[in-house]
Amino acid sequence: REVRRVMHWVEYAYDVTFNVTEGLIGGCAYEADGMPLSDGTLALARASDAILMGAVGGPQWDGKVDYTKRPEAGLLRLRKELDLFANLRPAMCFDALADASSLKRDLVAGLDILFVRELAGGVYFGEPRGIENLPGGGRVGINTQRYTDAEIIRIAHVAFDMARKRGGKVHSAEKSNVMESGLLWREEVTKLHAADYADVALDHILADNCAMQLVKNPKQFDVILTDNLFGDLLSDAAAMLTGSLGMLPSASLGNGGPGLYEPVHGSAPDIAGQNLANPIAAILSFAMALRYSLDM
Ligand code: IPM
Ligand code: MG
C-alpha cells in the first residue's frame, strides 16, 4: 500500500504511467486457491517487466499446511520458474538510523555492502531431498547442497560486474574447508577472476568467518558473493547493522526476464494489521525495480 503511494507520486512527478496488475502469493493465495502460487499468478508475473512482492508466511500455516504448499513454497517457485539466480541485497546504514543499530555508531555509519546471493540453486533446491523412514525404525531428513560450475560462474560474473561499479572489491564466502561444493565454488571464482576481472580485488572468506567479520568490522566489505543458504543467513545479520530489518530491499534478476523485487524481511505476523510495519524496505525495493528493470 505504501509503495503504491510512492508509485503514484512518481507517476505525477515524472509524467509516466505504471500498468499494475495484482496477484496473490503465499498464505492468502493458499486460502484462495489451495496453493501458494497459482499458474494464473505465475503467468501474470511472467508477463510483467518487474514484480513487486510483499512478504510471505505466518503462524497460521506453519506446520499445518503440507510442506510443498506452505507460503514460502510459492516464493521459491516464483524464483525458480523465472530462473532468478542473482539476488542483490544492498545493506546501507542511513545516518539517521546509525544509533538504532545493535552495533556502535562508528562501526556502521556509512556502511554500504552489496550481497550477491545465488538464488536458484544450492541446498534450497538440490535433490535428493525429503523425510524418509529408516529401515530399522527412525527417520532421516535429507537436503542436498549442489552447485554446477556454470551456476557458480554466472553468479560470480554478477558480483564482479557490480564491484566494478562500486568499491572494486569482492569477498567470496563459502565453506571450502568442509564442503566440496564450497571447494568448487572457490576454484571457479578464482579462475573467473584471473581470466576476466584482474582489476577487481578478490578475497575468499569462510562463511562462518564472514559472519564474525560482519559484526566485528562490517565496513571492510564492498560486495559479498555467496550461495543461497549462506546468503540467506548473512544478509539477515547485515540487516541488523543497518538499524532495522525493515530497511533492506532486494532485487532478484534472471536472464533478461522480469526482475523480482522484495524486502529482505518477512511478513511480521506479530504486528499485522496495526499499521506498524516499516515500509522502507518495500519502497526501496520499488526503487531497485525502477533502476534494474525499468531503466529509470
Ligand atoms: C529470504 C527469505 C526466504 C528465503 C524465505 C521466505 C523462503 O528468508 O528471502 O531471505 O529463505 O530465501
Ligand atoms: Mg531470509
Side-chain angles (χ1 to χ4, degrees), residues 79-92 111-127 144-214 217-235 237-238 250-261 288 291-293 295:
R79 291 173 178 172
K80 191 68 180 173
E81 293 265 0
L82 300 178
D83 199 21
L84 301 168
F85 67 92
N87 185 216
L88 310 181
R89 300 193 155 184
M92 290 169 60
L111 181 86
D112 181 3
I113 299 177
L114 179 67
F115 283 89
V116 177
R117 168 190 176 194
E118 200 293 324
L119 201 65
V123 75
Y124 272 58
F125 299 101
E127 300 281 346
T144 304
Q145 167 81 337
R146 188 176 191 282
Y147 272 111
T148 64
D149 53 356
E151 286 174 311
I152 297 165
I153 291 166
R154 69 176 183 172
I155 191 67
H157 267 296
V158 174
F160 286 127
D161 287 339
M162 290 285 157
R164 268 189 183 149
K165 296 183 187 155
R166 301 172 36 99
K169 190 161 70 170
V170 171
H171 281 81
S172 173
E174 28 61 7
K175 286 281 289 177
S176 56
N177 54 345
V178 287
M179 298 164 76
E180 283 77 3
S181 58
L183 188 57
L184 186 74
W185 185 283
R186 186 174 287 224
E187 288 175 3
E188 293 300 328
V189 171
T190 303
K191 269 198 272 176
L192 180 66
H193 176 248
D196 291 350
Y197 296 98
D199 54 310
V200 176
L202 170 66
D203 280 302
H204 299 283
I205 186 168
L206 296 176
D208 52 348
N209 184 29
C210 186
M212 186 184 80
Q213 296 295 333
L214 268 175
N217 176 19
K219 282 192 265 183
Q220 68 185 289
F221 295 109
D222 176 29
V223 173
I224 297 179
L225 162 66
T226 191
D227 76 9
N228 204 342
L229 183 62
F230 295 141
D232 183 42
L233 306 179
L234 294 172
S235 62
S250 82
S252 305
L253 309 176
N255 280 311
L260 169 67
Y261 300 87
M288 292 188 86
R291 172 175 306 209
Y292 291 109
S293 284
D295 266 331

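Keep in mind that what you see is a predicted model, and the values were worked out from it rather than measured.
With sequence neighbours left out, the ring pair (Phe, Tyr, Trp, His ring centres under 6.0 Å) criterion links His171 to Phe221. The side chain to side chain contact (heavy atoms under 4.5 Å, CB included) search around Leu84 returns Leu82, Ser252, Leu260, not counting sequence neighbours. With sequence neighbours left out, Asp83 forms a side-chain hydrogen bond (donor to acceptor under 3.5 Å, both in side chains) with Arg154. With sequence neighbours excluded, the residues that form a ring pair (Phe, Tyr, Trp, His ring centres under 6.0 Å) with Tyr197 are His157, Phe160. By the side-chain hydrogen bond (donor to acceptor under 3.5 Å, both in side chains) test, Glu174 is found to be paired with Ser176, Arg186, residues two or more places apart in sequence or in another chain being considered. Remark: Thr144 pairs with no residue by the side-chain hydrogen bond (donor to acceptor under 3.5 Å, both in side chains) rule, at least two apart or across chains.
Counting only heavy atoms from C-beta outward, the side chains of Leu119 and Phe85 never approach each other to under 4.5 Å. Looking at Ile205 and Ile224, their side chains never come closer than 4.5 Å, going by heavy atoms from C-beta outward. Proximity of Asp227 to Gln145: side-chain heavy atoms (C-beta onward) are separated by under 4.5 Å at one or more points. By the 4.5 Å heavy-atom criterion applied to side chains, Pro90 and Met288 are counted as neighbours. Considering only heavy atoms from C-beta on, Leu88 comes within 4.5 Å of Val116 through its side chain. Contact of the Phe115 side chain with the Ser250 side chain is not registered, since no non-hydrogen atoms from C-beta on lie closer than 4.5 Å. Between Thr190 and His204, the closest side-chain pair of non-hydrogen atoms falls below 4.5 Å.
Here NZ of Lys169 is found 7.5 Å from CG of Asp203. Values are rounded to the nearest 0.5 Å. Taking CZ from Arg146 and CG from Leu184, the interatomic distance works out to 11.0 Å, rounded to the nearest 0.5 Å. With rounding to the nearest 0.5 angstrom, the CD1 atom of Ile155 is 11.5 Å from the CG atom of Leu192. In this structure, the separation between CE on Met162 and CZ on Arg166 is 9.0 Å, given to the nearest 0.5 Å. Taken to the nearest 0.5 Å, the CG atom of Asp222 stands 9.0 Å off from the CD1 atom of Ile113.
When only modelled atom types and interatomic distance are considered, Glu188 and Tyr147 share no side-chain donor-acceptor pair under 3.5 Å. Remark: the Arg89 side chain and the Ser235 side chain contain an N/O donor-acceptor pair separated by less than 3.5 Å.
The minimum heavy-atom distance between Ala156 and Val189, with the atom names listed, is CB-CG2, 4.2 Å. Residues Ala120 and Asn228 come closest through the heavy atom pair N-ND2, 4.2 Å.
Stacking of Lys175 on the aromatic ring of Phe230 is not recorded, the 6.0 Å distance cut-off and the 45° axial limit not both being met.
Side-chain N or O atoms of Glu180 include none that pairs as donor or acceptor with a backbone N or O of Leu183 at under 3.5 Å. A donor-acceptor pair under 3.5 Å is formed between the side chain of Thr226 and the backbone N or O of Ala173.
By the 4.0 Å N-to-carboxylate-O rule, Asp112 lies too far from Lys219 to be salt-bridged with it.
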I would like to know whether Ser172 and His193 meet side chain to side chain donor-acceptor pair (under 3.5 Å); could you show each step before the answer?
CA-CA 11 Å; Ser172 173; His193 176 248; over 6 Å; no

